[in-house]
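Structure first, commentary second.
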Amino acid sequence: MGVDGVEDLIRVAGLARQRAERIIGLARMFIEGRLGDWICRLGVEEARRLLLSIKGVGEKTADLVLLMYCRLPAFPIDTHIRRVSSRISIGGSYSTIRRSFLEVLNDVEELIAVHVKLISIGRLFCKPKRPRCSECPLRECCSYAAERGGDSCSKKGG
Ligand code: SF4
């Protein structure tokens with residue numbers, strides 16, 4: 001199909017040329033055996049290093065592959081999780097937030113559940129502007145909500 005053909009198919013996603021080149025590069029790696037199921041057997045750290053060495057693969061994508069595909073303990077942080085985390089006082093760099101969750105959760109199913117729920121909370125309640133704190137399931141433990149007058153763990157000493 002070539003880069004032009006792939007670019008036509010994914011144009012709606014934006015950055016189509018760059019993404020088409022990367023998709024073809026990844027497909028080539030699969031065909032040549034430089035990527036495949038076997039990476040999941042390397043363990044988290046080595047598999048992560050390998051994924052991050054691939055052009056176009058960043059921390060979030062690497063962690064998504066590790067958690068959702070390989071079923072290894074990883075924690076991908078997207079823009080929603082970053083925003084919710086910072087508002088509930090788990091802020092900082094990607095690696096700081098990631099480490100905070102991995103320190104308390106090491107069961108893969110639990111990590112997936114928390115990952116998915118935080119994204120939903122970010123989409124439904126914790127919007128960048130005007131978060132809907134009164135409806136949010138995290139409101140009792142949220143410092144951002146507490147500062148704005150809601151109930152919070154800190155107010156209850158929890
Ligand atoms: S209580 Fe408000 S600020 Fe805190 S996580 Fe929920 S929506 Fe976001």
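Both counts, for ligands and for their atoms, begin at 1 and track the order of listing.
Looking only at protein heavy atoms, the nearest one to atom 3 (S) of ligand 1 is Tyr144 CD2, 3.3 Å. Residue, atom and distance of the protein heavy atom nearest to atom 2 (Fe) of ligand 1 are Cys133 SG, 2.4 Å.
No donor-acceptor pair closer than 3.5 Å links the side chain of Ser89 to the backbone N or O of Cys142. Judged purely by atom type and a 3.5 angstrom limit, Arg87 has no side-chain atom pairing as donor or acceptor with the backbone of Ala145. In terms of modelled atom types and a separation under 3.5 Å, the side chain of Arg83 and the main chain of Gly122 share a donor-acceptor contact. At distances below 3.5 Å, not a single donor-acceptor pair connects side-chain atoms of Arg71 with backbone N or O atoms of Val108.
In the vicinity of Arg139, heavy-atom distances shorter than 4.0 Å reach the ligand 1 atoms 1 (S). In summary, the atoms of ligand 1 found under 4.0 Å from a heavy atom of Cys126, numbered by their order in the structure, are 3 (S), 5 (S), 7 (S), 8 (Fe). Each of the following atoms of ligand 1 lies closer than 4.0 Å to a heavy atom of Ala145: 1 (S). In the vicinity of Cys136, heavy-atom distances shorter than 4.0 Å reach the ligand 1 atoms 1 (S), 5 (S), 6 (Fe), 7 (S).
Aromatic ring orientation, Phe101 versus Phe75: parallel (interplanar angle below 30°, classes split at 30° and 60°).
Between the CD1 atom in Ile39 and the CD atom in Glu46 there is a gap of 11.0 Å [rounded to 0.5 Å].
Between atom 8 (Fe) of ligand 1 and Cys142 there is no N/O/S contact shorter than 2.8 Å.
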